[in-house]
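Data block below; observations after.
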There are 2 protein chains.
Amino acid sequence: MTNFKAYLNHISLDCVIFGFHENQLKVLLLQMKYTKKWALPGGFVKKEESFEEAAERVLKERTGMDNIFLQQFHVFSDPKRSEMNPAVKDLEKSGSGEGLDWFSQRFISTGFYALVDFHKVDPAPDFFSDKCEWKALEEIDNLMMDHRQILDKALETLRLHLTYQPIGYNLLPKKFTMPELQKLYETILGKSLDRRNFQRKILSYKILNKLDERKKGGAYKAPYLYEFNLENYNKALKEGFSGSW
Amino acid sequence: MTNFKAYLNHISLDCVIFGFHENQLKVLLLQMKYTKKWALPGGFVKKEESFEEAAERVLKERTGMDNIFLQQFHVFSDPKRSEMNPAVKDLEKSGSGEGLDWFSQRFISTGFYALVDFHKVDPAPDFFSDKCEWKALEEIDNLMMDHRQILDKALETLRLHLTYQPIGYNLLPKKFTMPELQKLYETILGKSLDRRNFQRKILSYKILNKLDERKKGGAYKAPYLYEFNLENYNKALKEGFSGSW
DNA sequence: TCAAAAGTGTTTGGTTTACACCCATGA
DNA sequence: TCATGGGTGTAAACCAAACACTTTTGA
């Protein structure tokens with residue numbers, strides 16, 4: 001990451017990495033070394049790389065994972081967005097003048113959102129950060145540059161996609177319970193849903209297999225476990241479905 | 001357009017300009033001077049400009065119009081997409097070596113779609129084209145580079161937006177008939193709809209004002225004219241609505 | 001006067017919503 | 001034994017799909 005010659009000028013990307021844990025939607029964030037501001041994991045695009053490849057590279061570096069569900073959602077091109085780039089300040093403070101020119105330029109950033117299984121992620125900070133952590137949506141605050149705006153747009157997109165695509169496969173572990181799936185939907189949509197109606201509707205899509213197992217360990221009555229029926233799930237993804245929540 | 005120093009390297013945008021005429025969805029295309037291939041109107045981004053501003057500039061130059069409904073929909077970043085840029089060939093043939101370096105570089109293009117009132121457009125070719133014409137979707141063929149892919153993605157996006165936004169205001173003249181509006185929806189969706197159910201549904205959104213006038217001149221029974229109720233239309237745009245067609 | 005397009009209304013079936021009861025579990 | 005969460009069912013309200021009849025117009 002010291003040889004910026006390999007990368008395209010002016011071009012960056014930022015990833016909003018969503019995970020689901022303890023009934024909360026969480027986002028993987030980095031804390032910048034000097035300004036202590038929080039940032040979305042981002043990166044640059046090599047001269048012979050597509051944006052999607054670059055995003056996969058960033059995802060791999062920050063999470064250790066391959067084959068992540070990834071979707072571009074918006075380009076952020078306001079010329080003013082680069083003016084407050086704290087990497088510039090970080091570099092000045094650190095004394096390492098290297099890269100100052102690079103980070104002082106205008107960046108046009110393409111936003112990607114990613115959906116991952118929380119438990120499979122091994123968070124790793126990058127060169128400019130000393131922390132890489134999951135943050136629940138409500139805890140998020142004081143993001144650098146326009147990253148709050150990028151996050152909000154990602155959420156909005158996720159919400160839209162939820163109404164015509166069965167999202168969930170990428171965010172949940174292989175086996176999960178109906179209440180867990182419902183909480184996921186409720187978190188993304190920001191509203192609560194009727195337990196019984198939710199179950200009926202999601203089952204009507206035929207994208208789930210009900211297992212004989214139940215989830216043990218929790219308090220109260222043990223809920224059944226489900227898994228996605230990949231065949232039908234992929235069919236539904238392709239065809240789209242006009243469900244509304 | 002000869003001083004490329006004012007523009008950001010590697011970065012371009014392409015506009016899919018939709019219009020509606022004679023019951024057909026049409027797209028404004030340019031024909032390249034030498035290769036005779038058809039192309040989407042595109043342009044570059046100035047160093048102090050947002051993409052949206054650049055797109056408005058391109059729209060203004062090609063259509064003569066301001067205040068066009070504009071929406072970015074995807075970034076096309078495959079490194080191979082630039083390999084077949086016919087502008088390079090055009091410049092070679094034309095003998096004017098100027099700009100060859102510029103057009104030989106890799107371009108990452110952001111796609112915008114625009115919705116305009118067909119009758120208000122005054123099509124103007126650009127420096128590299130000698131024709132600027134409306135083409136119905138079925139006539140379109142032999143587009144340069146990946147422009148067919150860009151067009152298809154624009155259509156797909158338009159279709160998606162149609163199901164949660166009342167599109168139409170930007171594509172139709174101020175006064176229009178119900179059959180015209182229906183034809184627009186049918187063209188975008190690529191399927192036919194029941195006349196009576198369509199009318200009931202669209203009226204239920206309360207975004208139209210029925211006028212006392214009827215459209216004269218046509219054969220057969222004269223249909224009523226409608227106009228959009230801007231207040232309710234904008235409300236509906238903001239809130240989104242979960243209609244399905 | 002008739003074919004084609006437009007205005008309007010009704011029936012039917014499915015989906016969504018709202019709500020109630022019973023079961024299992026750990027405290 | 002009871003509070004809490006989970007499994008399952010049903011009636012009512014609403015919406016969408018299918019369909020028919022009448023009116024207007026130019027040829």
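In what follows, chains are A, B, ... by sequence order, proteins preceding strands, each numbered from 1. Just so you know, these numbers use all the heavy atoms, side chains as well, and skip hydrogens, waters and symmetry mates.
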Which pairs, with at least one residue in residues 171-195 of chain B and sequence neighbours excluded, count as a ring pair (Phe, Tyr, Trp, His ring centres under 6.0 Å)?
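Listed once each, the pairs are B/Phe176-B/Phe228, B/Tyr185-B/Phe198, B/Tyr185-B/Trp245.
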Is there a side-chain polar atom (N or O) of A/Lys201 under 4.0 Å from OP1 or OP2 of C/dT16?
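It does, given that an N or O in the side chain of A/Lys201 lies less than 4.0 Å from OP1 or OP2 of C/dT16.
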A/Lys210 side chain near D/dT8 phosphate (N/O to OP1/OP2, under 4.0 Å):
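Yes, because at least one side-chain N or O of A/Lys210 sits under 4.0 Å from OP1 or OP2 of D/dT8.
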Just call it for A/Lys216: base, sugar-phosphate, or nothing, with non-hydrogen atoms closer than 4.0 Å on any strand.
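Touches nothing.
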Going by the rule ring pair (Phe, Tyr, Trp, His ring centres under 6.0 Å), which residues pair with B/His161 if we only count those two or more places apart in sequence or in a different chain?
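Here the qualifying residues are B/Tyr113, B/Tyr164.
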Solution key, residues 25-33 of chain A side-chain donor-acceptor pairs under 3.5 Å, sequence neighbours excluded:
unit_1: A/Gln31; atom_1: NE2; unit_2: A/Lys36; atom_2: O; d: 3.0
unit_1: A/Lys33; atom_1: NZ; unit_2: A/Phe127; atom_2: O; d: 2.6

Any donor-acceptor N or O pair under 3.5 Å, side chains B/Gln199, B/Gln182
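The answer is no; no qualifying pair exists.
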Among residues 181-200 of chain B, which ones have heavy-atom contacts with DNA chain D below 4.0 Å?
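Result for residues 181-200 of chain B: B/Asp194, B/Arg195, B/Arg196, B/Asn197, B/Arg200, sorted by number.
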Does B/Glu61 reach the main-chain N or O of B/Val58 with its side chain, forming a donor-acceptor pair under 3.5 Å?
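Checking the backbone N and O of B/Val58 against the side chain of B/Glu61, no donor-acceptor pair under 3.5 Å is found.
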Can you tell me if B/Arg62 uses its side chain to pair, donor with acceptor, with the backbone of B/Pro41 under 3.5 Å?
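Here the side-chain-to-backbone pair does not exist.
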Not counting sequence neighbours, list each pair that qualifies as a side chain to side chain donor-acceptor pair (under 3.5 Å) and has a residue in residues 13-22 of chain B.
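Found B/Asp14-B/Ser109.
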Suppose we call two aromatic rings close when their centres sit under 6.0 Å apart. Are B/Phe118 and B/Phe20 close by that rule?
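Between B/Phe20 and B/Phe118, which both carry aromatic rings, the centre distance is not below 6.0 Å.
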Return the value, rounded to whole Å, for the distance between atom [atom1] of [X] and atom [atom2] of [N].
X	N	atom1	atom2	value
A/Tyr205	C/dG14	OH	C1'	14 Å
A/Leu203	C/dT15	CG	C1'	15 Å
A/Leu211	D/dG6	CG	P	17 Å
B/Ile202	D/dC15	CD1	P	16 Å
B/Lys215	D/dT25	NZ	P	16 Å

Under-3.5 Å N/O pairs linking protein and nucleotides 25-27 of chain C:
unit_1: C/dT25; atom_1: O4'; unit_2: A/Tyr220; atom_2: O; d: 3.4

For B/Lys183 and B/Glu186, run salt bridge (Lys or Arg N to Asp or Glu O under 4.0 Å): C-alpha distance rounded to whole Å, both residues' side-chain angles, the deciding distance at 0.1 Å, then the answer.
CA-CA 5 Å; B/Lys183 268 284 176 299; B/Glu186 290 182 332; 3.5 Å; yes
